S.K.: 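What follows is a structure written as C-alpha cells; I'll ask about it next.
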Amino acid sequence: METVMDKIVALCKRRGFIFPGSEIYGGLANTWDYGPYGVLLKNNIKLAWWKAFVQERDDMVGLDAAILMNPKTWEASGHVASFSDPLMDCKKCKERVRGDKLIEEKFGVEAVAGKSLKEIGEIIEKNKIPCPKCKACDFTEARSFNLMFKTHQGVVEGEGSDVYLRPETAQGIFVNFKNVVDTCRVRVPFGIAQIGKAFRNEITPGNFTFRTREFEQMEIEFFIKPGTEKEWFEKWCIESMNWFVNLGISKDKLRFREHQKDELSHYSTMTKDIEFKFPFGKAQKKDKFDVENLETWGELEGIAYRGCFDLSQHAKFSGQKLEYRDPQTNEVYVPHVIEPSFGADRTVLAFLINAYNEEILENNESRIVMKFHPRIAPIKVAIFPLSNKLSEPARKIYNDLKKYFMCEYDESGSIGKRYRRHDEIGTPYCVTIDFETEADQSVTVRDRDSMQQDRVPLAQLPDWLLQNLQ
Ligand code: ATP
C-alpha cells in the first residue's frame, strides 16, 4: 500500500526533484541529491529566506564562513564535550537505536527530557520498549555517541591535524562577531545570517530528507541588549512563523512547541520549535484498499534564546574581547543572542508535502499538481507551440521571457500531456502559441491551480507574468 510519503518520494524521483545519492553504485544510505527541479526549488527557498531576513531588513548582514574551523571552536561551544546522543545496540539483531527517541516515540518528548544515560536505559527496560526492527527487548547499556564528523587536514595524519566538519553553521557567525562589528556599520540590535552545510553523524537518519547526515541550515544569530530578550524572542517567533505562512504553508500544518525546563539546552532559558505535520506514519492497512497516513509533528526550525553563552565562551577560549560598546552611552557589554535556526532541507520537504495535491477533474480524469507558491516554483513559465509548425515564433517568445523568468520550452507530446507534466513540476503558468497568435499577437496563458485559460496580448505578457508571479 502506498502512503502519501511513498507517492511524494516517487514523484521527486520521477520528475527530477530528488534522487537517491550515488544511485548507480547502489546508493549510500540516507544521502540524497537534488535534481534539476529540486535545486531550483531549494535555491528559490533559500533566496526567499535571504530576501525576507537580510535584503528587506535594516538590521541584518550576511556571512559565508568555512565549514572547517579551528577545533578549539568546538571545545568552546561545548560540542566536543556534549554534542552526543544515547546510543544503544539491540543484542539480538544488532540494530543501533537512539535510546531517547525510543522513549520519545512511546511517551512523548517530556518523558525523556533531562534524563541521564542510566535513566534512559532504565526507562526502556522497565517499560519493555522493543527494538523497532526485531521487537526483542534486550539492549546494551546506553552510551554517549558524539555526532561530530572527525577528519584530518593536511598530508600528515595525527595530532594537531584533526578537524571536524561543522555540526551547525552558528559558530561561524560567533567567531566572526568582532570582524563584523569592526568593519560594518552595525549597531545592536542586529543580526548575522548564514546559509550553509552542516554535518552530523546521526545514529538514526531517515524519513527521506528529514534527517540526513549532511544537510543545510539557514541560521541567524541576532545580537541584543541584555534585558530585551523577551520582546525579541517573541518577535522572532512571529516573524519565523509568518515566513512559512507567507510562502503558502497552511496554518493548520504548523505549530509552535515550547521546550520544557528540563528539555532546554544548558545555554538556553527559552526555546520554541516550529513544527510541521509530516505524513511519516507507517502505512496501516485498515482494509485492503485503505491506507491510514499517520501524521507526526517534526521540527522545521528552532528559535532559542542563548544568553551570552557563545560569545563569552569564545572570548574565554580565544583570549579575544568579544564585547560591544554602545556608541551613544559608551556602555560596554557582551550582547545576548536570539537564534532562529531553520533546516533548509526540512523546509524544502515541508514545501513539497504542502504542495502535493491529487485532484479528480470534471471528465473523471485525475491529475497530480504541485501547488507551490509562485515565488518558490522551480519553473515559472512553460512555453508550448500548439504544433511543431509554430516552433519558430514560440522559441522567440521563450528566448524573450527567459531573460526574466526561469522558463522551459516544450514541444513534444499533446498539449494535455505537457500540462500534466508541468502540473507535477508545479509550473504556475503555461503559455501556448497557436495559429491565431500571429494575427492577434496574443497567447493563451493557463493557470496551474484553476486551469483557467486567459488570452493575453504578447506586448503585455512579461508584465502580466511579473504581476501574477509575486
Ligand atoms: P532534531 O531534534 O530533529 O535532531 P535539533 O533540535 O538537533 O533537531 P537543531 O540543532 O536545533 O536541531 O538544528 C536546527 C535545524 O536544523 C533543525 O530545526 C532542523 O530543521 C535542521 N536539522 C538538524 N539536524 C538535521 C538533520 N540531521 N537533517 C536535516 N536537518 C536537520
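Numbers here simply count residues along the sequence, with the first being 1. Heavy-atom basis, side chains included; hydrogens, waters and symmetry copies ignored. The structure displayed is predicted, hence computed values, not measured ones. First listed ligand is number 1; within each ligand, the first listed atom is number 1.
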S.K.: Considering only NZ, NE, NH1 and NH2 on the basic side and carboxylate oxygens on the acidic side, decide whether E122 and K118 come within less than 4.0 Å.
M.R.: yes
S.K.: With heavy atoms under 4.0 Å as the rule, classify the contact between Q217 and ligand 1 as side chain, backbone, both or neither.
M.R.: side chain
S.K.: Give the numbers and elements of all ligand 1 atoms closer than 4.0 Å to a heavy atom of E301.
M.R.: 18 (O)
S.K.: Is it true that K101 and E202 make a salt bridge, defined as a side-chain N closer than 4.0 Å to a carboxylate O?
M.R.: no
S.K.: Do the ring centers of W243 and F342 come within less than 6.0 Å of each other?
M.R.: yes
S.K.: Considering only protein heavy atoms, which is closest to atom 22 (N) of ligand 1, and at what distance to one decimal place?
M.R.: F215 CE1, 3.5 Å
S.K.: If you measure from each non-hydrogen atom of R200 to ligand 1, which part falls under 4.0 Å: side chain, backbone, both or neither?
M.R.: side chain
S.K.: Can you tell me which portion of L300 lies within the under-4.0 Å heavy-atom range of ligand 1? Options are side chain, backbone, both, or neither.
M.R.: backbone
S.K.: Is there any N or O on R346 that sits under 3.5 Å from an N or O of ligand 1?
M.R.: yes
S.K.: Relative to ligand 1, is R211 under 4.0 angstrom through side chain, backbone, both or neither, heavy atoms considered?
M.R.: both
S.K.: Any N/O of G343 closer than 3.5 Å to an N/O of ligand 1?
M.R.: yes
S.K.: Under the criterion side chain to side chain contact (heavy atoms under 4.5 Å, CB included), which of T427, N44, V381, I379 is the partner of M406?
M.R.: I379
S.K.: Does an N or O anywhere in E202 fall below 3.5 Å from an N or O of ligand 1?
M.R.: yes
S.K.: What is the closest protein heavy atom to atom 11 (O) of ligand 1, and at what distance does it sit?
M.R.: E299 OE2, 3.4 Å
S.K.: What's the verdict on ring pair (Phe, Tyr, Trp, His ring centres under 6.0 Å) for W236 and F53, showing C-alpha distance, side-chain angles and the deciding distance?
M.R.: CA-CA 11 Å; W236 275 108; F53 295 122; 5.7 Å; yes
